[in-house]
2 protein chains.
Amino acid sequence: MARADSVRNRRNILDSTRELLAANGEQVGMDEIAAHAGVAVGTLYRHFPTKTDLIDAAMAELTSSLVELVAVAADRVEAGADPVEAMTGLLRTFVGLAAQDRAVKAAAEGLASDSLRELEERGWGQLQRIVDVAHAQGALHADITTADLALLVATAPTEAVPVESRERWIALAMRSVTA
Amino acid sequence: MARADSVRNRRNILDSTRELLAANGEQVGMDEIAAHAGVAVGTLYRHFPTKTDLIDAAMAELTSSLVELVAVAADRVEAGADPVEAMTGLLRTFVGLAAQDRAVKAAAEGLASDSLRELEERGWGQLQRIVDVAHAQGALHADITTADLALLVATAPTEAVPVESRERWIALAMRSVTA
DNA sequence: ACCTGAACACCGTTCAAGT
DNA sequence: ACCTGAACACCGTTCAAGT
């Protein structure tokens, strides 16, 4: 039953990585992750050839759940919800996550691996649905595209920016985009 | 004449640091800096207690020259130049520098030491002069302050964002700020 | 097949010895 | 006083030995 061990280890490693990443940023030690996951360092390297690969894998899971959020919002908007409110909400969620979790921001900046890039593209596809509805309602400047929103997300404030300023940033960002 | 050596060494160390920082980002090795400056590692530590201190010192010099740019622009605006154009120009200069020089962005994010913080405040003071003229002309949304501009600068794109997108970011940023 | 953990390599930092 | 560079500490990575 060595196989079951391996699967469980992989799961524990990814969970520990996500957890420690959110708390400490990217300078978590491999030993620390290993200890937290209850395995030896070598096991980390058996599952992921390098620290970067491990972090990428953990972020891919995280990105996946973010994409899910966008998809849900897109469904709502196509069912009649206000697209500008939806966009503002997503931006707020994202900034909140990015502030408490450096990994989110890193994922958005796309220092990312190929699998991550693919995931992100799916995310922008979902966002496109919201933008389409917004344009149909004339809610955005005519020239605004999802690339512009990608730009805003890529430049969203991190935890280096004080909390009070983050909501203000969202307001300015939405102002630059709405008609 | 040991004293003259010391002064020259300090200058060489700071110059080498700036140069290697611009090229390689913050992961330059201390040995590398030492070699480039023509001294032994120990000499680096004699002048700067830690790598962070060394980098801070190099960035303080850089920030100082940025503040000078803002001051010059403020003079021009008070002499009748268009404030919005001046702001756009400063933003463009800043983004260009930040893209080719990671140190600039780090300085703007103010992970900074006290001396750096002081310098930055002087910079914002200069910027205030431009904002005042712009408001007198009704060129900005009434609620815009230098704090908002600080927010934009803090979230300006780095070299991770492709060149084509950077000018677009400037356009969006100015759009969020102008009346 | 998979796991362990001691050993290696690299880089920031220190310090005894030189001038 | 200041400089040198070998030595130390820390952390990512490897690999011989275990099961």
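Protein chains get the first letters and strands the later ones, always in sequence-line order, with residue 1 at the start of each. Computed from a predicted structure; not experimentally measured.
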Contact under 4.0 Å: N9(A) side-chain N or O vs dC2(C) OP1/OP2: no
V177(B) backbone acceptor or donor facing H141(B) side chain under 3.5 Å: no
Basic-acidic side-chain contact under 4.0 Å: R129(A), D132(A): no
Flag, side chain of D148(A) to backbone of T145(A), donor-acceptor distance under 3.5 Å: yes
Backbone N/O of V161(B) and side chain of R166(B): donor-acceptor pair under 3.5 Å: yes
Sole residue of T88(B), L140(B), V77(B) in side chain to side chain contact (heavy atoms under 4.5 Å, CB included) with P83(B): V77(B)
Nucleotide nearest R46(B) (side chain, heavy atoms from C-beta), chosen from dA1(D), dC3(C), dT4(D): dA1(D)
Euclidean distance, atom CD1 of residue I13(A) to atom P of dC2(C) [Å, nearest integer]: 12 Å
S6(A) side chain near dA1(C) phosphate (N/O to OP1/OP2, under 4.0 Å): no
Nucleic acid contacts of residues 31-39 of chain B, taken as heavy-atom distances under 4.0 Å to DNA chain D: V39(B)
Carboxylate-amine/guanidinium proximity below 4.0 Å for R175(A) and D143(B): yes
For atom CG of D5(B) and atom C1' of dT4(D), their distance in whole Å: 13 Å
Check: G89(A) main-chain N/O paired with T93(A) side-chain donor or acceptor under 3.5 Å: yes
Donor-acceptor pair, side chain of H47(A) and main chain of L54(A), under 3.5 angstrom: no
E32(A)/K51(A) salt bridge by N-O under 4.0 Å criterion: no
Sugar-phosphate only, base, or nothing, as touched by G29(B) at under 4.0 Å among non-hydrogen atoms: sugar-phosphate
Salt-bridge contact R10(A)-E61(A) (side-chain N to carboxylate O under 4.0 Å): no
Integer-rounded Å distance: dG12(D) P and L20(A) CG: 12 Å
Value in whole Å for how far the P atom of dG12(D) lies from CD1 of I55(A): 9 Å
Bracket notation of DNA chain C in which parentheses pair within the strand, [ ] cross earlier pairs, and | pairs with another strand (Watson-Crick or G-U, under 3.5 Å): ||.|||||...|||||.||
Comparing V28(A) and G42(A) on DNA chain D - which has the more 5′ nearest nucleotide: V28(A)
Integer-rounded Å distance: dC2(D) P and F48(B) CZ: 13 Å
Interatomic distance where CZ belongs to R8(A) and P belongs to dC2(C) [whole Å]: 14 Å
N/O (side chain, Y45(B)) to phosphate O (OP1/OP2, dT13(C)) under 4.0 Å: yes
Proximity to the side chain of M30(B) - top-ranked nucleotide from dC3(D), dG12(C), dC3(C): dG12(C)
Among dG5(C), dG12(C), dC3(D), the one nearest A40(A) by side-chain distance: dG5(C)
Whole angstrom value for the distance that separates P of dG12(C) from NZ of K51(B): 4 Å
Spacing of L54(A) atom CG relative to dC11(D) atom C1', expressed in whole Å: 15 Å
H47(A) side chain near dC2(C) phosphate (N/O to OP1/OP2, under 4.0 Å): no
Any T50(B) side-chain nitrogen or oxygen under 4.0 Å from OP1 or OP2 of dT13(C): yes
